Amino acid sequence: MAHLEPFLRFVHERRDGLHCYVARADETDMPGPVWPGLWEQDYSDDAGLNPWCRYAINNADGEALAVWRALAWELTAGRSRSAIPTYYRDEAAQLREVGREAVQLVRWEYEVDVEQPEWLTADIGFVPARACVPLWPAADPWQREHAGFAGLFALASFRHLTDLALAVAGDATSEITLFALRDPGRTRLLASTLNQAHHPDLAEILQPGDIFVDLAVVHDLVPGGASYLTIKTPEATDKVDHLAEHFSETFRRYTNTAGQVHTFDEFHSAIDALLAPPRSIGTS
């Protein structure tokens, strides 16, 4: 295997009937912002030119987390994708321009505890869902009645995943859980399973060809905590390692040339190249 960036090194093990691929990054492993312009230049009010609005990249959340999202997106290509943005359900609905009453509500969400230094204890599994209920202005009756539900959002583009990242990025920690199903017809069953009264079993949810991805992130990395990119599949796959190699190489190339980037337009071109998928990996 080619040399991998620390935040793209995956450990593979079998647990609870599933193949698990985990990349762990603490404060020494997760790269900080690379391009100097992220803290030296003023960000545009135009969302298309603003690196935060366009990629969820700024001088706090640098480029590496966008690489994690790009890997997750490419890994799940060719499948029907749905995601839960932990806690910030209504903020995600607003960014996705979906009325909150139209959001698919579910009673269960997945949790990886970023305060745990090791994945074996960090991987909690399904827990009762909860959504943000504002204190000021005061929550309305709908928000109070639905505080125990997460939102399951259909994702049709990488832009949609970026919107969810923006929705959850306001706290010191955040989490997005992505379900990618080979059969689009099972999306309704997924929602039903996550809305049932009893505890879901991920090994029963995932069928051959399905992929589960969880992005649990510490935005302000402190000693003891870690960010985790967790992938679970019913069958072993070499695509995780292939994508890790690809994005390690593109990140290394981006890092070596970032000093030559001077404008936001040049930055956007560089990020588009950084996040682009390899051409040789299929959807299986």
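Here the structure is a predicted model, which means the values were calculated and not measured. All values below come from the heavy atoms of this structure, side chains included, with hydrogens, waters and symmetry mates left out.
Here the side chains of Tyr228 and Asp214 are not in contact, with every heavy-atom distance at 4.5 Å or above. Put simply, the side chain of Ser227 reaches to within 4.5 Å of the side chain of Met30, judged on heavy atoms. Taking the side chain as every heavy atom from C-beta outward, Tyr43 and Leu38 approach each other to under 4.5 Å. Residues Arg89 and His146 meet the side-chain proximity criterion, which asks for heavy atoms closer than 4.5 Å. Taking the side chain as every heavy atom from C-beta outward, Leu75 and Val213 approach each other to under 4.5 Å. Under the 4.5 Å side-chain criterion, counting only non-hydrogen atoms from C-beta, Leu49 is in contact with Asp265. Using a 4.5 Å heavy-atom threshold, the side chains of His246 and Leu71 count as separate. Residues Asn195 and Leu152 form no side-chain contact, since every pair of their non-hydrogen atoms from C-beta on lies 4.5 Å or further apart.
A donor atom on one side chain and an acceptor atom on the other are not found under 3.5 Å apart for Asp171 and His219.
One finds the CG atom of Leu194 at 12.0 Å from the CG atom of Leu105 (value rounded to the nearest 0.5 Å). Once rounded to the nearest 0.5 Å, the distance linking CD of Gln104 with OG1 of Thr187 reads 10.0 Å. With rounding to the nearest 0.5 Å, the separation of NE2 in His3 from CZ in Arg252 is 5.0 Å. Rounded to the nearest 0.5 Å, atoms CD1 (Ile176) and CH2 (Trp68) are 12.0 Å apart. Note: Leu206 CG to Phe179 CZ = 8.0 Å, rounded to the nearest 0.5 Å. The distance from the OG1 atom of Thr86 to the CD atom of Glu109 is 4.5 Å, given to the nearest 0.5 Å.
Under the salt bridge (charged side-chain N to carboxylate O under 4.0 Å, His left out) criterion, Asp29 pairs with no residue, sequence neighbours left out. Looking at residues two or more places apart in sequence or on another chain, you find a side chain to side chain contact (heavy atoms under 4.5 Å, CB included) between Val67 and Phe7, Leu8, Phe247, Phe251, Leu274, Leu275. Legend: residues meeting side chain to side chain contact (heavy atoms under 4.5 Å, CB included) with His262, ordered by chain and number and at least two apart, are Glu266. Residues passing the salt bridge (charged side-chain N to carboxylate O under 4.0 Å, His left out) test with Arg54 are Asp272, sequence neighbours excluded. Residues forming a ring-ring contact (aromatic ring centres under 6.0 Å, His included) with His199 (at least two apart in sequence, or on another chain): Trp108. For Asp123, the salt bridge (charged side-chain N to carboxylate O under 4.0 Å, His left out) partners two or more places apart in sequence, or in a different chain, are Arg15, Lys232. Contacts of Ser269 classified as side chain to side chain contact (heavy atoms under 4.5 Å, CB included), with partners at least two apart in sequence or in another chain: none. For Arg159, the salt bridge (charged side-chain N to carboxylate O under 4.0 Å, His left out) criterion is met by Asp163, not counting sequence neighbours. Here Thr193 pairs with nothing under the side chain to side chain donor-acceptor pair (under 3.5 Å) rule; sequence neighbours left out. Checked against side chain to side chain donor-acceptor pair (under 3.5 Å), Trp119 has the following partners two or more places apart in sequence or in another chain: Thr230.
Glu235 and Gly209 get closest at one heavy-atom pair: OE1-N, 3.1 Å.
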Side chain to side chain donor-acceptor pair (under 3.5 Å) between Ser44 and Asn50, intermediate numbers included: CA-CA 5 Å; Ser44 172; Asn50 187 309; over 6 Å; no

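In this structure, Asp46 places its CG atom where more than 12 heavy-atom neighbours from other residues, nucleotides or ligands lie under 6.0 Å away. Within a 6.0 Å radius of CZ in Arg188, other residues, nucleotides and ligands contribute 12 heavy atoms or fewer. Around CD of Glu40, the count of heavy atoms belonging to other residues, nucleotides or ligands within 6.0 Å exceeds 12. Heavy-atom neighbours of Asn256 CG from other residues, nucleotides or ligands within 6.0 Å: above the threshold of 12.
The stretch residues 201-212 participates, sequence neighbours left out, in these salt bridge (Lys or Arg N to Asp or Glu O under 4.0 Å) pairs: Arg186-Asp210.
Below 30°, between 30° and 60°, or above 60°: for Phe267 and Tyr55 the angle between ring planes is above 60°, a perpendicular geometry.
Between the Arg9 side chain and the Leu4 main chain, a donor and an acceptor come within less than 3.5 Å of each other. Side chain of Glu63 to backbone of Trp35: a donor-acceptor contact under 3.5 angstrom is found.
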Which pairs would a plain distance check flag for residues 126-133, meaning a side-chain donor or acceptor within less than 3.5 Å of a matching protein atom at least two apart in sequence or in another chain?
none

